[in-house]
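Basis for what follows: all heavy atoms, side chains included, without hydrogens, waters or symmetry-related copies. To find a chain, count down the sequence lines: A is the first, B the second, and so on, and within it residues start at 1.
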Amino acid sequence: MSSNDAIARILHEMSQMMDILGEDSFRAAAHARAARAVESLSVDVAKLAVDKNQLRSLDGIGAKMADKIHEYVTTGAIREHGELLGRLPSGLLCLLEIQGLGPKTIRSLWQQAGVTDLASLEKAIDSGALLAIPRMGQKSIDKLKQAIAFYKSQAGGAGEGAAARRLHLGIAMPIAERVVELLASAVPGVKIAFAGSLRRGKETIGDIDILAAPRDQAEADRLTQAFTTMPGVVSVLAAGGTRASVQVGLGDGLGRWGRDPSAAAAGVQMDLKLVPPESWGAAMMYFTGSKEHNVALRERARKKGLTLNEYGLFPEDDPDRKLEPPQKRGVAAVCKADTEESVYAALGLPYLPPECRENLGELASTTPPVLIEVADIKAELHAHTTASDGRLSIIELAEEARSRGFHTIAVTDHSRSSAVAGGLSVERLLDHINAVRAAARQVTGITILAGSEVDILADGRLDYDDDILRMLDVVVASPHAALSQSPEVATARLLKAIENPFVHVLGHPTGRQINRRPGLSPDMQMLIAAAKERNVALEINTHWMRLDLRDAHARAAAAAGCLVALDSDVHDPSDFDNLRYGVMTARRGGVIASQCVNTWPADRLHAWLKSKR
DNA sequence: GCCGTTTTCGGCCCGACTGTTTTCAGTCG
């Protein structure tokens, strides 16, 4: 774990403990906000901590928080964190993961029924001790039992402290799209879309939010009916007038990444929200989030004497919130709320794409951000064939790429050290280059390049000698083994690869696999600076299992003006479909088309590749 | 504990829903 992750986790725990202990909620929230700020940093916070002013320049970090971070970096712990831990059983924290349990309830469970962890909570339920707690009736207990069962299934069985498993972006999105399609065919002509973190393109998804705008009660009823009875629904959690919640069972695996027993056993929660058509824009903003973005928008509205909710933007005529919400009192809205654009405009903001709604500075925009799009991508520089571990022949790969409108495809099979992936010996590589040249003569309408995905060995040397690399049109250098190195060793290793004059792309720079392994934690600022100087592109591997660079790293690369490569690491024709996940990650980082080599016209791209020969 | 086009104090987002209550507290997104 990087020190950023460690500090974020400690600050987050402090926030949770303060909540449970009933301390000042704004103080607790400040710790949670600081945790988020540290988490979304691309630089090692330990380096920033040398100068407290640098820490304090971060949004949400003030003098006291800077002291705490500095304390962690110099001593390896935060004293106040230990003190809080001494004031309550640590087993209480994971109870916050259980749906319906918040800090206040957990506090009374602890102080009035002696609950200290999940096991004692279950015991207290069985013994009936919970009924004695205020506001705890039989119905609440039944719901709690259900929520515990769901929590345990998500956490992979015994609920042994494992965090509830979030779904990969690439698993969740096709499910959401199928549901939208199904609802649209059940009730034609109604506006339906998914929202939430899925629409923002987060790498993992907690639940799936679907929005629909029925035009009358009959359409609303049919939508709810279709939603709660669709194939795959395991249980209906709620079905009211304006919203319904179901659990949907998942498929049983992750394709070539193997099975995911915990995800398969459980399911994903899906919520359907019904909103009036005239509120579609405000509702989409509201349910797309992020929460932090929404809070910032509302604060902005307040400063303009307005109040923003999921129904629209209204004059602030009830600052103490004594009355019913404005839309219920017939207060006239200050703008139409049927589109997101009109609501943003009324707040004096350009349209902000969902991927940048994280309250990481986007509200300072005065012009709409022009971010990279899937349609901009015209080349694939990282693809495998049957020569190593791919499923397509060279010709099949080229034809697939051509059918997707690409002008260039690079054949980059694995190098010799990746034995399990069928990595090519030097002799096989030379034959393979000839085979690629032959295919290039045979297939028209696309440029086929001979390349390699070359292993970056543990010490930073590449898996082929320079005289071999020189013969290749494209070199993608990637770490595959020794992924537990210290940050210092990993940084030196990857810098050495970037500095090799024949390398074009640094492939999946950290080697992480989401929900599987953390990968390397190199000093990303140093890699970005070196890559920029050497004209090397940092890859955003678009497979939903990797998304590496991740969003925060992409943001740092974009800010530095470093080249990036959006590559699908094709092993199977369907891998081309993953491009959109990488594009969303790039957009979350603020990447524009011109800094992504895959968007360049053929002559510019080929000239860049040749500049390293 | 943070923050400032109400700047060193006094704020700090908003509504739906649920289950518990006889008017509201807690959770969620």
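A donor-acceptor pair is defined here as one N or O able to donate and one able to accept, closer than 3.5 Å; such a pair exists between the side chain of A/R357 and the backbone of A/L352. Side chain of A/T339 to backbone of A/S342: a donor-acceptor contact under 3.5 angstrom is found.
The distance between atom CG of A/L144 and atom C1' of B/dG26, rounded to the nearest whole Å, is 14 Å. One can place CD of A/Q16 at 13 Å from P of B/dT27, the figure rounded to the nearest angstrom. Nucleotide B/dC13 holds its P atom 16 Å from the CG atom of A/L306, rounded to whole Å. Look at CD on A/E71: it is 12 Å from P on B/dG1, rounded to the nearest Å. At whole-Å resolution of the value, NZ in A/K273 and P in B/dC28 are 13 Å apart. Between the CG atom of A/L96 and the P atom of B/dG26 there is a distance of 15 Å, given to the nearest Å. Look at CG on A/D19: it is 9 Å from P on B/dT27, rounded to the nearest Å. Distance, A/Q269 CD to B/dC28 C1': 10 Å, rounded to whole Å.
Only the C1' atoms considered, B/dC17 is 24 Å distant from B/dC12, to the nearest whole Å. When the P atom is used for both B/dT21 and B/dT27, the distance is 16 Å, rounded to whole Å. For the C1' atoms, the distance from B/dT8 to B/dG1 is 14 Å, rounded to whole Å. A distance of about 33 Å separates the P atoms of B/dA16 and B/dT7, rounded to the whole Å. A distance of about 29 Å separates the P atoms of B/dC14 and B/dT20, rounded to the whole Å. Straight-line distance between the P atoms of B/dG15 and B/dC9: roughly 32 Å, to the nearest whole Å.
Between A/H31 and A/P103, the residue anchored nearer the 5' end of DNA chain B, judged by the nucleotide with its closest heavy atom, is A/H31. Nucleotides of DNA chain B nearest to A/I98 and A/Q327 differ in position, and the one nearer the 5' end is that of A/Q327.
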| field | Pair A/R199-A/T288, side-chain hydrogen bond (donor to acceptor under 3.5 Å, both in side chains): steps then yes or no | value | CA-CA 7 Å; A/R199 184 165 176 243; A/T288 296; 2.8 Å; yes

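With B/dG15, B/dC28, B/dT27 as the choices, the nucleotide that has an atom nearest any side-chain atom of A/Q99 turns out to be B/dC28. The A/N309 side chain lies nearest to B/dC14 when the options are B/dC13, B/dC14, B/dA16. Comparing B/dC12, B/dA16, B/dT27 by their nearest atom to the side chain of A/E310 picks out B/dA16.
Applying the salt bridge (charged side-chain N to carboxylate O under 4.0 Å, His left out) test to A/R550 and every residue at least two apart in sequence or in another chain returns nothing. With sequence neighbours left out, the salt bridge (charged side-chain N to carboxylate O under 4.0 Å, His left out) criterion links A/D19 to no other residue. Under the side-chain hydrogen bond (donor to acceptor under 3.5 Å, both in side chains) criterion, A/R512 pairs with A/E203, sequence neighbours left out. Checked against salt bridge (charged side-chain N to carboxylate O under 4.0 Å, His left out), A/R215 has the following partners two or more places apart in sequence or in another chain: A/E219. Judged as a side-chain hydrogen bond (donor to acceptor under 3.5 Å, both in side chains), and not counting sequence neighbours, the contacts of A/K47 are A/D523. The side chain to side chain contact (heavy atoms under 4.5 Å, CB included) check on A/A333 picks up A/F314, with sequence neighbours excluded. By the side-chain hydrogen bond (donor to acceptor under 3.5 Å, both in side chains) test, A/Y72 pairs with no residue at all, sequence neighbours left out. Among residues two or more places apart in sequence or in another chain, the salt bridge (charged side-chain N to carboxylate O under 4.0 Å, His left out) test is passed with A/R588 by A/E358, A/D551.
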For nucleotides 2-5 of chain B, list the nitrogen or oxygen atoms of the protein found under 3.5 Å from its nitrogen or oxygen atoms, one pair per line.
| unit_1 | atom_1 | unit_2 | atom_2 | d |
| --- | --- | --- | --- | --- |
| B/dC2 | OP1 | A/G62 | N | 2.8 |
| B/dC2 | OP1 | A/G62 | O | 3.4 |
| B/dC2 | OP1 | A/M65 | N | 3.0 |
| B/dC3 | OP1 | A/G60 | N | 2.7 |

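Contact between the side-chain N/O atoms of A/R298 and the OP1/OP2 oxygens of B/dC13 is not found at any separation under 4.0 Å. Using a 4.0 Å cut-off, some side-chain N or O of A/Y311 falls inside it from OP1 or OP2 of B/dA16.
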| message | Please encode protein proximity along nucleotides 17-25 of chain B as a string of B, S and -, counting only heavy-atom distances under 4.0 Å. | response | SSBB---BB

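Residue-level contact check: A/N294 touches neither bases nor backbone, having no heavy atom under 4.0 Å from any strand. Within 4.0 Å (heavy atoms only), A/L297 reaches no atom of the nucleic acid at all. Residue A/K68 is classed as a sugar-phosphate contact, given heavy-atom separations below 4.0 Å to backbone atoms only.
When each of A/L109, A/L21, A/D117, A/I106 is tested with A/L92 by the rule side chain to side chain contact (heavy atoms under 4.5 Å, CB included), just one qualifies, namely A/I106.
Stems are defined here as 3 or more consecutive Watson-Crick or G-U wobble pairs with pairing distances under 3.5 Å; those involving DNA chain B are B:1-4 with B:9-12, B:14-19 with B:24-29.
Residues in residues 131-144 of chain A take part in no salt bridge (Lys or Arg N to Asp or Glu O under 4.0 Å) pair, two or more places apart or across chains.
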